[in-house]
Amino acid sequence: VQLQACGGGLVQAGGSLKLSCAASGRPFFSNYDMGWFRQPPGKEREFVAAIRWRGGATNYADSVRGRFTIFIFNAKNTVYLQMNSLKPEDTAVHYCVARTRAGNHYYTYALHHQYRYWGQGTQLTVSS
């Protein structure tokens with residue numbers, strides 16, 4: 001599985017930005033979870049949002065719930081993260097991730113070690 005993320009950049013506080021992540025390497029991804037983690041400067045990697053490809057169930061970190069939306073465009077095998085009302089504390093390198101549900105039973109979306117596939121990071125900087 002390959003994940004190609006893009007869409008980062010510099011935005012002012014209160015602004016919006018959309019990240020995208022194109023998945024490839026499998027004939028279909030219906031049995032996958034997709035998500036985003038981020039790593040703020042000098043801090044640990046943290047969970048942002050995730051979505052189950054089949055059915056579209058979503059999960060968000062408390063810090064972004066109500067501001068960010070994760071969704072899938074099936075025809076392009078692409079996952080998006082729409083980010084609104086951005087804050088300076090959202091500044092981080094954002095990573096697209098994926099994990100297969102085949103043979104696995106997960107109780108949470110928020111553990112980064114459960115995601116086998118990682119895209120390259122894309123930098124988001126929010127200025128105050």
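In this structure Y107 satisfies the ring pair (Phe, Tyr, Trp, His ring centres under 6.0 Å) test together with H105, sequence neighbours excluded. Residues meeting the salt bridge (charged side-chain N to carboxylate O under 4.0 Å, His left out) test with R101, sequence neighbours left out: D33. Legend: residues meeting ring pair (Phe, Tyr, Trp, His ring centres under 6.0 Å) with Y60, ordered by chain and number and at least two apart, are absent. Qualifying side-chain contact (heavy atoms from CB on, under 4.5 Å) partners for S24, counting only residues two or more places apart in sequence or in other chains: Q2. With sequence neighbours excluded, no residue forms a side chain to side chain donor-acceptor pair (under 3.5 Å) with S127. Listed by chain and residue number, T100, Y106 satisfy the side-chain contact (heavy atoms from CB on, under 4.5 Å) test with N104 (two or more places apart in sequence, or in another chain). Here R67 pairs with V64, S85, K87, D90 under the side-chain contact (heavy atoms from CB on, under 4.5 Å) rule; sequence neighbours left out. Residues that satisfy the ring pair (Phe, Tyr, Trp, His ring centres under 6.0 Å) test with Y109, not counting sequence neighbours, are absent from this structure. For F71, the ring pair (Phe, Tyr, Trp, His ring centres under 6.0 Å) partners two or more places apart in sequence, or in a different chain, are Y80.
Contacts classified as side chain to side chain donor-acceptor pair (under 3.5 Å) and involving residues 68-78 (residues at least two apart or in different chains) are given here: W53-N74. Within the structure, salt bridge (charged side-chain N to carboxylate O under 4.0 Å, His left out) pairs that include any residue of residues 40-54 comprise R38-E46 (at least two apart or interchain).
Within the 3.5 Å criterion, the main-chain N or O of V126 finds a donor-acceptor partner in the side chain of T91. Judged by distance alone, with hydrogens and angles left aside, the side-chain atoms of T122 form a donor-acceptor pair with the main-chain N or O of G8 at under 3.5 Å.
To the nearest 0.5 Å, the span separating CD on Q82 from CD1 on I70 amounts to 12.0 Å. Rounding to the nearest 0.5 angstrom, the gap separating the CG atom in L86 from the OG atom in S16 is 6.0 Å.
Nearest heavy-atom pair across L3 and A23 is CD2-CB, 3.8 Å.
Counting heavy atoms from C-beta outward, M83 and H94 have side chains that approach closer than 4.5 Å. Between F47 and N59, the closest side-chain pair of non-hydrogen atoms falls below 4.5 Å. Contact check for R116 versus V1: no side-chain heavy atoms found under the 4.5 Å cut-off. In this structure, C21 and W36 have side chains that are in contact, with non-hydrogen atoms separated by less than 4.5 Å. Taking the side chain as every heavy atom from C-beta outward, P40 and E89 never approach each other to under 4.5 Å.
Side-chain heavy atoms closer than 4.5 Å link hydrophobic residues (I, L, V, M, F, W, Y) into clusters, and following such links, even through other members, never connects V97 to I72. Hydrophobic clustering of Ile, Leu, Val, Met, Phe, Trp and Tyr side chains at less than 4.5 Å, counting indirect connections, keeps F68 apart from V93. Using a 4.5 Å cut-off between side-chain heavy atoms of Ile, Leu, Val, Met, Phe, Trp and Tyr, with links allowed through other members, M34 and Y95 fall into different hydrophobic clusters. Note on W118 and L81: separate hydrophobic clusters, where clusters join Ile, Leu, Val, Met, Phe, Trp and Tyr whose side-chain heavy atoms are under 4.5 Å apart, directly or indirectly.
Ring-centre distance between Y115 and F37: below the 6.0 Å cut-off.
The hydrophobic cluster of L111 has no other members, since no ILVMFWY side-chain heavy atom comes under 4.5 Å of it.
Taking the six-membered ring where the residue is Trp, Y117 and Y32 present tilted rings, their angle falling between 30° and 60°.
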